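Below is one structure; the comments refer to it alone.
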Amino acid sequence: MPVNWREYIVSTPDVLRGKPRIKGTRIPVSLILGYLAVGKTQDEIINEFPDLSKNQIAACLDYAR
């Protein structure tokens, strides 16, 4: 399912030193991509971060692409 990452990812200099993060959170995109890189599933990530949605995780992948 295609997701426009711009709807879910922001970067502001006053939060996380400007690192891209999921909008409305302090969760950096790099953290989610790291979890995916080691083989975690979307459900496992959501279990660890219950406020995340599958669309937000997909946006991280689209951002990385």
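Values below: every heavy atom of this structure, side chains too, minus hydrogens, waters and symmetry copies. It should be emphasised that the depicted structure is a prediction, and the values quoted were computed from it without experimental measurement.
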Please round to the nearest 0.5 Å and tell me the distance separating atom [atom1] of [X] and atom [atom2] of [Y].
{"X": "C60", "Y": "Y8", "atom1": "SG", "atom2": "OH", "answer": "11.5 Å"}
{"X": "D62", "Y": "N55", "atom1": "CG", "atom2": "CG", "answer": "11.0 Å"}
{"X": "L52", "Y": "I27", "atom1": "CG", "atom2": "CD1", "answer": "4.0 Å"}

**Report entry** Considering all heavy atoms, the nearest K40-L36 contact
**Finding:** O-CD2, 3.6 Å
**Report entry** Minimum-distance pair of heavy atoms, taken over all atoms of A58 and V3
**Finding:**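 Looking at all heavy atoms of both residues, the closest pair is CB-CG2, 3.8 Å.
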Requested in this report: With sequence neighbours excluded, tell me which residues meet side chain to side chain donor-acceptor pair (under 3.5 Å) with Y35.
Outcome: E48
Query - Sequence-distant partners of R26, side chain to side chain donor-acceptor pair (under 3.5 Å), two or more places apart - result: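 R26 satisfies side chain to side chain donor-acceptor pair (under 3.5 Å) with no residue once adjacent residues are dropped.
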Requested in this report: Kindly indicate whether the side chain of D43, heavy atoms from C-beta on, has any atom under 4.5 Å from the side chain of K54.
Outcome: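 The answer is yes; the side chains approach within 4.5 Å.
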Query raised in the report: Does T41 reach the side chain of I46, with side-chain heavy atoms less than 4.5 Å apart?
Result: no
Query raised in the report: Among the clusters formed by ILVMFWY side chains lying less than 4.5 Å apart, do L31 and V10 turn up in the same one?
Result: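 Different clusters.
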Requested in this report: Verify the cluster assignment for F49 and Y63: are they in a single hydrophobic cluster under the rule of side-chain heavy atoms below 4.5 Å apart?
Outcome: yes
Only distances under 3.5 Å count here; give the side-chain donor-acceptor pairs of residues 14-24 to other protein atoms, sequence neighbours excluded, each with its distance to 0.1 Å.
unit_1: D14; atom_1: OD1; unit_2: T12; atom_2: OG1; d: 3.3
unit_1: R21; atom_1: NH1; unit_2: T25; atom_2: O; d: 3.0
unit_1: R21; atom_1: NH2; unit_2: T12; atom_2: OG1; d: 3.1
unit_1: K23; atom_1: NZ; unit_2: E7; atom_2: O; d: 3.3

